[in-house]
Amino acid sequence: MHIKLKNTKNTRSLSDLTNKNGLKIKKHLLIRSDALNKIDASDQNVLRREYHLKRVIDLRCDNEVKNNPDVSMEGVQLILNPILPSERVGVTKKGNDEEDFRDFIEAIHTNGADSSVRFMTKVYQEVVSSEFSKKAYQKFLRILLEDAGGATLWHCSAGKDRAGFATMIILYALDFDMKDIVEDYLSTNQFYQGNIEHFVKECGEGYREVLETIFGVKEEYVEVLLGSIKNIYGSFDAYLEKGLLLTSKDKEKLQSMYLEER
């Protein structure tokens, strides 16, 4: 369910989703989002009063957090848990997001349309294969295993890649069918299309393909994720167990905490 805030594009409660056993996620306990660095008082009121937000997990790298820190909210715990290191290619270099963004888009555009796909493919392979990302997603699950007394929100910059994969992980742990998990992942496109058109207007029509690749999500990216998981671990279940150290008791606890009873 899309949460309409003035200063985010991709904030969604997962409570409208139903797993393969017909169980829904408890109301407004799990929320995914893009960055919260621009939210105002009215946005904060929606999150704190309507959705009872108690905990935010920021999945951005250290440089992103330093340049655009989340707005502090009274009574809400902020946990920094970067999925990728700051030196990751494509992440801020100059300390000025606008300049970094223009340089990044220009570099990919100069190298040709295929380079944007290659960049995104590399990111999706890395979040599965790197030790850094594996430990971060382990921490993400450990955090969710602790009761926040209200809603937990996790986000990256756009809320589609690092946060998108985090959402896939928790939904799979909650016994969701992969088809429904992918459908939720792909729904980001409907919320970001306006943003893409804005950047196309700024950069020019010739940049459309690059911008749609960088700011959109594709089934191709899911195939890269699942392919990487299969190659390294054999299955998603094995990835949760061996890669993210999630035990069967942990899964039972997560399901008890976040799923409605029949």
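These numbers come from the heavy atoms of this one structure, side chains and all, not from hydrogens, waters or symmetry mates.
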Compare all side-chain heavy atoms of [X] with those of [Y] and state whether any distance is below 4.5 angstrom.
X: Val128; Y: Val224; result: no
X: Gln44; Y: Glu74; result: no
X: Leu254; Y: Leu259; result: no
X: Asn37; Y: Val71; result: no
X: Asp34; Y: His155; result: no
X: Pro82; Y: Phe132; result: yes
X: Trp154; Y: Ile143; result: no
X: Met1; Y: His28; result: yes

To the nearest 0.5 Å, how far apart are [atom1] in [X] and [atom2] in [Y]?
X: Leu244; Y: Leu246; atom1: CG; atom2: CG; result: 7.5 Å
X: Thr11; Y: Leu47; atom1: OG1; atom2: CG; result: 7.0 Å
X: Ser86; Y: Asp62; atom1: OG; atom2: CG; result: 4.0 Å
X: Tyr221; Y: Thr121; atom1: OH; atom2: OG1; result: 6.5 Å
X: Lys134; Y: Ser129; atom1: NZ; atom2: OG; result: 10.0 Å
X: Phe165; Y: Lys160; atom1: CZ; atom2: NZ; result: 14.5 Å

Among the clusters formed by ILVMFWY side chains lying less than 4.5 Å apart, do Ile170 and Ile229 turn up in the same one?
yes
Holding to ring-ring contact (aromatic ring centres under 6.0 Å, His included), I want the full list of residues that pass it with Tyr258, two or more places apart in sequence or in another chain.
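Partners of Tyr258 under the ring-ring contact (aromatic ring centres under 6.0 Å, His included) test: none.
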For the residue pair [X] and [Y], confirm or rule out a side-chain donor-acceptor distance under 3.5 Å.
X: Asp175; Y: Asn19; value: no
X: His2; Y: Asn10; value: no
X: Asp40; Y: Ser42; value: yes
X: Ser157; Y: Arg162; value: no
X: Asn81; Y: Tyr137; value: no

Between Arg32 and Asp184, does a salt bridge (charged side-chain N to carboxylate O under 4.0 Å, His left out) hold up when you go through it step by step?
CA-CA 11 Å; Arg32 56 176 295 174; Asp184 174 74; 3.0 Å; yes
Pairwise side-chain hydrogen bond (donor to acceptor under 3.5 Å, both in side chains) hits with a residue in residues 240-254, at least two apart:
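As it turns out, the side-chain hydrogen bond (donor to acceptor under 3.5 Å, both in side chains) pairs with a partner in residues 240-254, which skip direct neighbours, are Arg142-Asp250, Thr247-Asp250.
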Within the distance-only criterion (no hydrogens, no angle test), does the side chain of Asp180 pair as donor or acceptor with the backbone N or O of Phe176 below 3.5 angstrom?
no
Using only atom types and a distance under 3.5 Å, with no angle test, would you say the side chain of Lys26 pairs donor to acceptor with the backbone of Ser256?
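Side chain of Lys26 to backbone of Ser256: a pair is present.
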Can you name the one residue among Asp177, Thr167, Asp237 that meets side-chain hydrogen bond (donor to acceptor under 3.5 Å, both in side chains) with Tyr172?
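Result: among Asp177, Thr167, Asp237, Asp237 is the only option passing the side-chain hydrogen bond (donor to acceptor under 3.5 Å, both in side chains) with Tyr172.
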